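Please read the structure below before turning to the comments.
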Amino acid sequence: MIASHLKKGAGKPTLRLVNDPVHRFEVEPPTDVRLKGVRDLSVESTVYEWPGTE
């Protein structure tokens, strides 16, 4: 899951659920496994956007 625009005034809060993230992101193995940088921009995902407060 990728959360973005969580800070007030940074845009509409959004959650993106990516199917099979281990095969869609680069893996950076320090002591923990971190996923970064989507490899394929056409990756199938589900996006949720909060309704605006305007």
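Keep in mind that this is a model prediction, so the values were computed, not measured.
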Within-4.5 Å side-chain heavy-atom neighbours: D20 and F25: no
Gap separating the OG atom of S45 from the CG atom of N19, nearest 0.5 angstrom: 7.5 Å
R16, CZ atom: more than 12 neighbouring heavy atoms under 6.0 Å: no
Atom of H5, atom of K12 and distance for their closest heavy-atom approach: CB-O, 3.3 Å
Spacing of L15 atom CG and W50 atom CH2 [to the nearest 0.5 Å]: 3.5 Å
